[in-house]
Number of protein chains: 2
Amino acid sequence: MTTRPDSTTEEPDIGAGTDADAAGRPHTGRRRNEQVRRAILDAVMRLLARADGSPVTVDTIAKEAGVGKQTIYRWWPSKGAVFLDALTDHAVTVVPDADTGTLAHDLEIVIGASYTGAVAPQTAPVLTTLVREAAHDPHLAAMMRDFTAVRRAALHAVLERARARGELAEDADVELMVDQVYGVLWYRLLVGHAPLDETVANRLAATLTAGNAPKESTT
Amino acid sequence: MTTRPDSTTEEPDIGAGTDADAAGRPHTGRRRNEQVRRAILDAVMRLLARADGSPVTVDTIAKEAGVGKQTIYRWWPSKGAVFLDALTDHAVTVVPDADTGTLAHDLEIVIGASYTGAVAPQTAPVLTTLVREAAHDPHLAAMMRDFTAVRRAALHAVLERARARGELAEDADVELMVDQVYGVLWYRLLVGHAPLDETVANRLAATLTAGNAPKESTT
DNA sequence: GATTGTCGAGACTCAGAGTCTCGTCAAGGG
DNA sequence: CCCTTGACGAGACTCTGAGTCTCGACAATC
């Protein structure tokens, strides 16, 4: 029975135990090779970026990275976890918390960033594959919810701020507005029948603003 | 090599060849047993409706229906196809093409019907499982697109009619509005973090109407 | 009663996720 | 210096589930 260093149940949390374990024991034996971690993560992105829908299996990842399969499972609990780690490692984790003073403009920035970030050639295939994997991996599904929660929270903040400024109706359903934005994002990302660019983002920002404006207001 | 009667590539199309094949040959031999078809479809719905997330495999379907596995594959090209057939067979195929004269009201009807229909206890688990299967079955994914296209078209018609009446801005993005409605539907259906009822439907109908109203108009 | 095709049953192939073991290699500690 | 600990590559292995193949029984029609 292999004793996984720390992340038995949840996140990998690699790179932290470079010197000593979280516990007192000073971690004897050979150290974790950071280059191997990088090789695996890079291999995942490389395989996922391949336009042809060639299946990205654990074996192909191991082969592409020049790594043993066990090395992967030593640090990540499942294939999906590797995918998600590769994505978060690669993606710009900076979520723009726009605060320009106008709801419409704030929305344009946040929605625009989300949309263009999602359809970027390096991330789009990763996201779709991730959803595919999450479909039959509850563990990964939970991790994806955490991943998306950050961006949802940013949008939520923008909307609540606007409500405080009086730019939103008192009874506006902020949760529904957030779902409209990300519902459209995932829907179009997965089905791919319509674009997901700044034009769409701006249009959505405008109609969302107009549709949830306070009563008896022209702007 | 078994010769599938007709549906080698696409839809099952069962029950049609009761007397003679589409071709001239009068179909000798033992006939298709309609009760077996029913038993399979019912078994799928029964298994899918089970609240516990017990995996619905082809073997369990065959066992539940008291049927041989080959009998399933004789009439459906894949497991997903059986699921979809069970759904369309069960679901009310009548899509309400509301035409009350007001956009807001029309939307309430169409969106409300879609939302409540989707979360009905008998259909919700079927839909989510279907999407899960479609995630790694392109053939099923195509069938699902056909399935959803009908409802999308109904909503599209309502919106275009409203535009003709002058209830929508000339440059309103009808496609985006449709995606907002169904984006929210699938998003909430799959993540399950927020309700999908008439209240939400009415709220969405109202904000969609207000957000896409023609310029210089109060209503 | 011969032919054609359905049915239930179950063995089978194939793919992919995850596990186990082994021989090797790097970093300490004594 | 060498011994222990744990990382690593390699590859065999188990397990699950989709889809195929074959078989014997049976029903309909000629």
Side-chain angles (χ1 to χ4, degrees), chain A residues 1-6 14-15 17-21 25-40 43 47 54-83 129 132-133 135-140, chain B residues 1-6 14-15 17-21 25-40 43 47 54-83 129 132-133 135-140:
Chain A
M1 194 174 287
T2 45
T3 51
R4 286 224 187 86
D6 36 28
I14 311 161
T18 323
D19 279 318
D21 201 318
R25 197 160 41 79
H27 180 77
T28 65
R30 184 179 182 173
R31 301 299 176 74
R32 171 98 167 86
N33 186 354
E34 181 61 19
Q35 296 177 2
V36 168
R37 178 186 131 90
R38 279 253 53 85
I40 293 170
L47 289 172
S54 49
V56 183
T57 72
V58 178
D59 290 85
T60 59
I61 295 172
K63 185 85 72 172
E64 175 78 17
V67 146
K69 203 156 57 145
Q70 182 58 34
T71 302
I72 296 179
Y73 281 107
R74 200 191 317 274
W75 301 103
W76 290 276
S78 68
K79 187 178 76 158
V82 188
F83 282 1
T129 309
R132 242 191 291 283
E133 297 291 330
H136 51 80
D137 182 351
H139 185 247
L140 176 62
Chain B
M1 195 174 286
T2 45
T3 51
R4 289 225 185 85
D6 37 26
I14 311 161
T18 322
D19 279 318
D21 201 317
R25 196 160 43 80
H27 178 76
T28 65
R30 184 178 181 173
R31 301 298 176 75
R32 170 99 168 86
N33 186 354
E34 181 62 20
Q35 296 177 4
V36 168
R37 178 186 132 90
R38 278 254 56 83
I40 293 171
L47 289 174
S54 48
V56 183
T57 71
V58 178
D59 290 85
T60 58
I61 295 173
K63 185 87 71 171
E64 174 78 17
V67 146
K69 204 158 54 145
Q70 182 58 34
T71 303
I72 296 178
Y73 281 106
R74 198 191 317 274
W75 300 103
W76 291 276
S78 69
K79 187 178 79 157
V82 187
F83 282 2
T129 308
R132 246 191 285 283
E133 298 290 331
H136 50 80
D137 181 351
H139 185 247
L140 176 61

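From a predicted model like this one, the values you see are computed outputs, not experimental measurements. Because only heavy atoms are used, hydrogens play no part in the values below, and waters and symmetry mates are left out as well, while side chains stay in. Quick note on labels: first sequence line is chain A, next is B, and so on, each numbered from 1.
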**Side-chain heavy-atom pair Val82(B), Trp75(B) within 4.5 angstrom cut-off** = no
**Message:** Just the rounded figure in Å: distance from P of dT16(D) to NE2 of His136(B).
**Reply:** 17 Å
**Rounded distance (Å) that lies between atom C1' of dA27(D) and atom CD of Gln35(B)** = 14 Å
**Fill in**
Picking from dT19(C), dA7(D), dG8(C), the nucleotide nearest the side-chain atoms of Trp75(A) would be dA7(D)
**Arg31(B) side chain near dT29(D) phosphate (N/O to OP1/OP2, under 4.0 Å)** = yes
**Request:** Round to a whole Å and report the spacing from OH of Tyr73(B) to C1' of dA11(C).
**Result:** 15 Å
**Asked** Choosing from dC7(C), dA17(C), dA7(D), which nucleotide comes nearest the side chain of Arg74(B)?
**Response** dC7(C)
**Message:** Does Gln70(A) contact dC20(C) through a side-chain donor or acceptor facing the base, at a distance under 3.5 Å?
**Reply:** yes
**Complete:** The answer to which of Gly29(B) and Lys63(B) contacts DNA chain C further toward the 5' end, by nearest nucleotide, is Gly29(B)
**Fill in**
Rounded to whole Å, CD of Glu34(A) lies from P of dC8(D) at a distance of 10 Å
**Message:** Without decimals, in angstroms, what is the distance between Asp59(B) CG and dC12(C) C1'?
**Reply:** 12 Å
**Request:** Name the closest nucleotide to the Lys79(A) side chain, picking from dA17(C), dG19(D), dC7(C).
**Result:** dA17(C)
**Asked** Can you find a donor-acceptor pair, distance only, under 3.5 Å between Lys69(A) side chain and dG11(D) base?
**Response** no
**Asked** Between the base of dA7(D) and the side chain of Arg30(A), is there any donor-acceptor pair under 3.5 Å?
**Response** yes
**Message:** Against Glu34(A), only a single residue in Arg32(A), Arg38(A), Arg37(A) fulfils side chain to side chain donor-acceptor pair (under 3.5 Å); can you say which?
**Reply:** Arg37(A)
**Message:** Counting only side-chain heavy atoms from C-beta out, which of dC8(D), dG8(C), dA17(C) sits nearest to Val58(A)?
**Reply:** dA17(C)
**Asked** Hey, does the side chain of Thr71(A) come within less than 4.0 Å of dG9(D)'s phosphate (OP1/OP2), counting only N and O?
**Response** yes
**Prompt:** Considering all heavy atoms of both residues, which atom of Ala135(A) and which atom of Arg132(B) are nearest to each other, and what is their separation?
**Reply:** O-CD, 2.5 Å
**Request:** Consider the side chain of Pro55(A), meaning its heavy atoms from C-beta on, and name the nucleotide among dG19(D), dG9(D), dG16(C) that approaches it most closely.
**Result:** dG16(C)
**Thr60(B) vs Pro55(B) side-chain heavy atoms within contact, under 4.5 Å** = no
**Prompt:** Ile72(A) has an atom CD1; how far is it from atom P of dA10(D), in whole Å?
**Reply:** 12 Å
**Message:** Any non-hydrogen side-chain atom of Val56(B) less than 4.5 Å from a side-chain atom of Phe83(B)?
**Reply:** yes
**Message:** Just the rounded figure in Å: distance from C1' of dA17(C) to CH2 of Trp76(A).
**Reply:** 16 Å
**Prompt:** Of the nucleotides dC7(C), dA27(C), dC8(D), which one has an atom closest to the side chain of Arg32(A)?
**Reply:** dC8(D)
**Item:** Distance in angstrom units between Ile61(A) CD1 and dG16(C) C1', rounded
**Value:** 12 Å
